[in-house]
S.K.: 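Take this structure first; my questions come after.
Chain A is the first sequence line, chain B the second, and so forth, proteins listed ahead of strands; every chain is numbered from 1.
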Protein chains: 2
Amino acid sequence: MTKRKYVYDWPRPAVTVDMALFTVAGALNQLRLEVLLIQRDEEPFRGRWALPGGFVQEHEDLHAAAARELAEETGLREVILEQVGAVGTPGRDPRGHTITVVWAGLVPGDRAVLKASGDARAAKWFDVIALPKLAFDHDVILRLALSHLRHRLAEAPVCFELLPSSFTLSELQAVTEAILGRQLDRRNFRRKVQELGLVEPSEGTRQEGAHRPAQLYRFVPGAFERYRGKERSLPF
Amino acid sequence: MTKRKYVYDWPRPAVTVDMALFTVAGALNQLRLEVLLIQRDEEPFRGRWALPGGFVQEHEDLHAAAARELAEETGLREVILEQVGAVGTPGRDPRGHTITVVWAGLVPGDRAVLKASGDARAAKWFDVIALPKLAFDHDVILRLALSHLRHRLAEAPVCFELLPSSFTLSELQAVTEAILGRQLDRRNFRRKVQELGLVEPSEGTRQEGAHRPAQLYRFVPGAFERYRGKERSLPF
DNA sequence: GGCTATTAGTGTTATTCTCACACTAATACT
DNA sequence: AGTATTAGTGTGAGAATAACACTAATAGCC
């Protein structure tokens, strides 16, 4: 622990992390985008649904705090979380002034074995178009996170986390569409992901139902980073 | 003030705001990108140069805190600040665990009448390619802010804040180039800003030196918002 | 007055990206 | 053999982007 030479101690806002985790669910041709909510078991807003989250402890990294709270409240581990930003409007938390750092992430449906604990009475996936009334200003925060996610995903369809290691292009497209909330042209989609080198054919095919089997693909490790890295390196 | 029903009181990280303000300086054809630094007059890092910033007070909005600290330390007011993100790596502040919310902004050179006060011994603009050693992790934060700014500016050249109400297209281009750190084609640049409807000719011309006078332009209020608003509205 | 230096201002073309669009292939089921 | 279903493929029009060079207007100098 760092030796603190210059202490300071006065009333200060608290810091929390809030996580907006998304997944997709339902039939391939009718995937829904769902967000993970917990039912609060503590005041304030006891019984209300809310984004998982909690206080950042002293000497804890923000990202680590997000991962810890997520694991505590929902049992989910090793989720890739991306920072969305900080929100600190006074009055957003009745307990006192609280600044929250918002994170967004994607988790596959099959890892979604949720174990509510900690401050959470229950943890459940909700369709984003049919949400209950949320605690705090979590409706605003959720919108922020979703918008962030959609901007990121519009760059390239990298929904790694939502798919098994081997998947068909139709699956990738269905998932992308579910998150973006709009349909995409199949041929353009396939051409794009292949030209970008984001995926490569893996062995085997998958067939479900009475139709032509689909080629399986896998993500090319690091391809997205390489693709994004092309944004010219800055002189400074 | 909100009545606090559910108090909580345990060791918690502090919250600061840090502002990376940029301006451009120098001859039109050789503009430098400069960042505003203050010389700390307090421990820790007394005497070191740092980004202006300071603690968020209880019940203070994050944006308001940023504006207040900026005014206190440098005398600058009514600067447009955009949130970059939050950084809270443990150990980044020797006084204890501190989470900082980073803001970026642009200010015109002529408003750059800096009055150092508060925790600041001095306030000065520095060329971003010739920076002194900075306090805390402000080198990392500055890089973050600059990268944010460049991404935003690559969308459209909206350097409103850096130019007088009336300006020539050459000036606008020079400023844009200084921030992006690369040259742009003059014809393509002029065509683009005009087609996007971001600027409109204003009255008069400006002439400096032995050459053809330049048409003056002004920004069209709200044009950028309208332009960005085109990003399809989301169903959710 | 004419020459020079300097910045302002303008169009075209090749290339790349985006988007809309329709048919054939392979399979299971009857 | 026929039907239903999803997988898989190419092309062309239009838009955006990027590269490129000359003329226009002025001040200063001779």
S.K.: Are there any protein N/O atoms within less than 3.5 Å of an N/O atom in nucleotides 26-30 of chain C, and if so, which ones and at what distance?
M.R.:
| from | atom 1 | to | atom 2 | distance (Å) |
| --- | --- | --- | --- | --- |
| C:dA26 | N3 | A:R212 | N | 3.0 |
| C:dT27 | O3' | A:Q207 | OE1 | 3.4 |
| C:dT27 | O2 | A:A210 | O | 3.1 |
| C:dT27 | O2 | A:H211 | N | 3.2 |

S.K.: Between D:dA19, C:dT18, C:dA20, which nucleotide has the shortest distance from any of its atoms to the side chain of B:N188?
M.R.: D:dA19
S.K.: Picking from A:V140, A:I141, A:I99, what satisfies side-chain contact (heavy atoms from CB on, under 4.5 Å) with A:R92?
M.R.: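 Result for side-chain contact (heavy atoms from CB on, under 4.5 Å) with A:R92: A:I141.
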S.K.: Between A:H63 and A:W103, is the ring centre distance below 6.0 Å?
M.R.: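 Yes; A:W103 has its ring centre under 6.0 Å from that of A:H63.
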S.K.: Check the distance between D:dA18's P and B:Q183's CD and give it to me in whole angstrom.
M.R.: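 After rounding, the gap between these two atoms is 15 Å.
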S.K.: Could you give the NZ-to-C1' distance, from A:K192 to C:dA20, as a whole number of Å?
M.R.: 15 Å
S.K.: Is it the case that more than 12 heavy atoms not belonging to A:L28 sit under 6.0 Å from its CG atom?
M.R.: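 Enclosed.
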S.K.: Can you tell me how far C1' of D:dG10 sits from CZ of A:R186, to the nearest Å?
M.R.: 13 Å
S.K.: Could you check how far OH of B:Y217 sits from C1' of C:dG9, rounded to whole Å?
M.R.: 9 Å
S.K.: So, does B:Q173 use its side chain to make a donor-acceptor pair with the main chain of B:L184 at under 3.5 Å?
M.R.: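 Present.
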S.K.: Quick check on D:dT6: is either OP1 or OP2 less than 4.0 Å from any side-chain nitrogen or oxygen of A:S170?
M.R.: no
S.K.: Run through B:V128, B:I179, B:L36 and flag the one making a side-chain contact (heavy atoms from CB on, under 4.5 Å) with B:F22.
M.R.: B:V128
S.K.: Indicate, with a heavy-atom threshold strictly under 4.0 Å, whether A:Q215 touches base, sugar-phosphate, or nothing.
M.R.: sugar-phosphate
S.K.: Rounded off to whole Å, could you give me the CG-to-C1' distance for the B:D185 and C:dA14 pair?
M.R.: 14 Å
S.K.: Decide yes or no for A:Q39 and A:K124: does some side-chain heavy atom of the first lie under 4.5 Å from some side-chain heavy atom of the second?
M.R.: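 No, their side chains stay 4.5 Å or more apart.
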S.K.: Select from A:R191 and A:E208 the residue whose nearest nucleotide in DNA chain D is closer to the 5' end of that strand.
M.R.: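 In this pair, the answer is A:E208.
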S.K.: Using modelled atom types only, decide if a donor and an acceptor are shared between the side chain of B:S117 and the backbone of B:E73 within a distance under 3.5 Å.
M.R.: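 No, B:S117 side chain to B:E73 backbone: no donor-acceptor pair under 3.5 Å.
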S.K.: D:dA7 P sits how many Å from A:Q173 CD, rounded?
M.R.: 9 Å
S.K.: Is the ring pair A:F219/A:F160 parallel, tilted or perpendicular, if the boundaries are 30 and 60 degrees?
M.R.: tilted
S.K.: Suppose we call a contact any N or O donor and acceptor under 3.5 Å apart; does that hold for the side chain of B:R190 and the base of C:dG9?
M.R.: no
S.K.: Answer with yes or no whether B:R187 presents, from its side chain, a donor or acceptor under 3.5 Å of a partner atom in the base of D:dA18.
M.R.: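 In this structure, the two groups form no donor-acceptor pair.
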S.K.: Please state how far atom CD in B:Q194 lies from atom P in C:dA8, giving the value in whole angstrom units.
M.R.: 14 Å
S.K.: Whether the side chain of B:H138 engages the backbone of B:L134 through a donor-acceptor N/O pair (distance < 3.5 Å, no angle test) should be reported.
M.R.: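 Side chain of B:H138 to backbone of B:L134: no pair is present.
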S.K.: Roughly, in whole Å, what's the span from CD in A:E195 to P in C:dC19?
M.R.: 14 Å
S.K.: Using five pairs at either end of the helix from C:dG1-D:dC30 to C:dT30-D:dA1, determine the angle between the two local helix axes and round it to 10 degrees.
M.R.: 10°
